[in-house]
Amino acid sequence: MCTFENEHSVLVCDTAIRQVRHAVSTAFGDAVQFTSTLGDGTRVEVAPTVDEKTFQAIARAAIASAQPQDNTTV
């Protein structure tokens, strides 16, 4: 599970980190910091100068893209 800690920080689960790392790095470049946390995933933080709504939208979209797709037909 991924958890937004505040407007500029999200704790990302291991299954989504690759997508989140790519998306936020592409969008914000050097304004992003990644910190591994023992057993909790990776903390992704952006500088306070980054628009928090844009950061959250990009991170949420990347997290969603990492979720397994339900390919069953009804």
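Excluded from the calculations below are hydrogen atoms, water molecules and symmetry mates; all remaining heavy atoms, backbone and side chain alike, are included. The residues of the chain are indexed from 1 along the displayed sequence.
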Atom of C2, atom of I63 and distance for their closest heavy-atom approach: CB-CD1, 3.7 Å

Distance, nearest 0.5 Å, that separates CD of Q67 from SG of C13: 6.0 Å

Which atom of H8 lies closest to which atom of A47, heavy atoms considered: CD2-O, 3.5 Å

Other residues, nucleotides, ligands: >12 heavy atoms within 6.0 Å of N6 CG: yes

Heavy-atom check, side chain of V10 versus side chain of E5, under 4.5 Å: no

Inter-residue atom distance R60.CZ - F4.CZ, 0.5 Å rounding: 4.0 Å

Taking every non-hydrogen atom, the tightest pair across A66 and T15: CB-O, 3.7 Å

Heavy-atom side-chain contact between I17 and V44 under 4.5 Å: yes

Backbone N/O of H22 and side chain of T26: donor-acceptor pair under 3.5 Å: yes

Heavy-atom check, side chain of Q19 versus side chain of R21, under 4.5 Å: no

Shared-cluster residues of L11, by chain and number - hydrophobic side chains joined below 4.5 Å: none

Side-chain heavy atoms of T54 within contact of F28, under 4.5 Å: yes

Stepwise side-chain contact (heavy atoms from CB on, under 4.5 Å) test for V32 and F55: CA-CA 10 Å; V32 183; F55 165 66; over 6 Å; no

Worked verdict on D40 versus T37 for side-chain hydrogen bond (donor to acceptor under 3.5 Å, both in side chains): CA-CA 5 Å; D40 289 330; T37 59; 4.5 Å; no

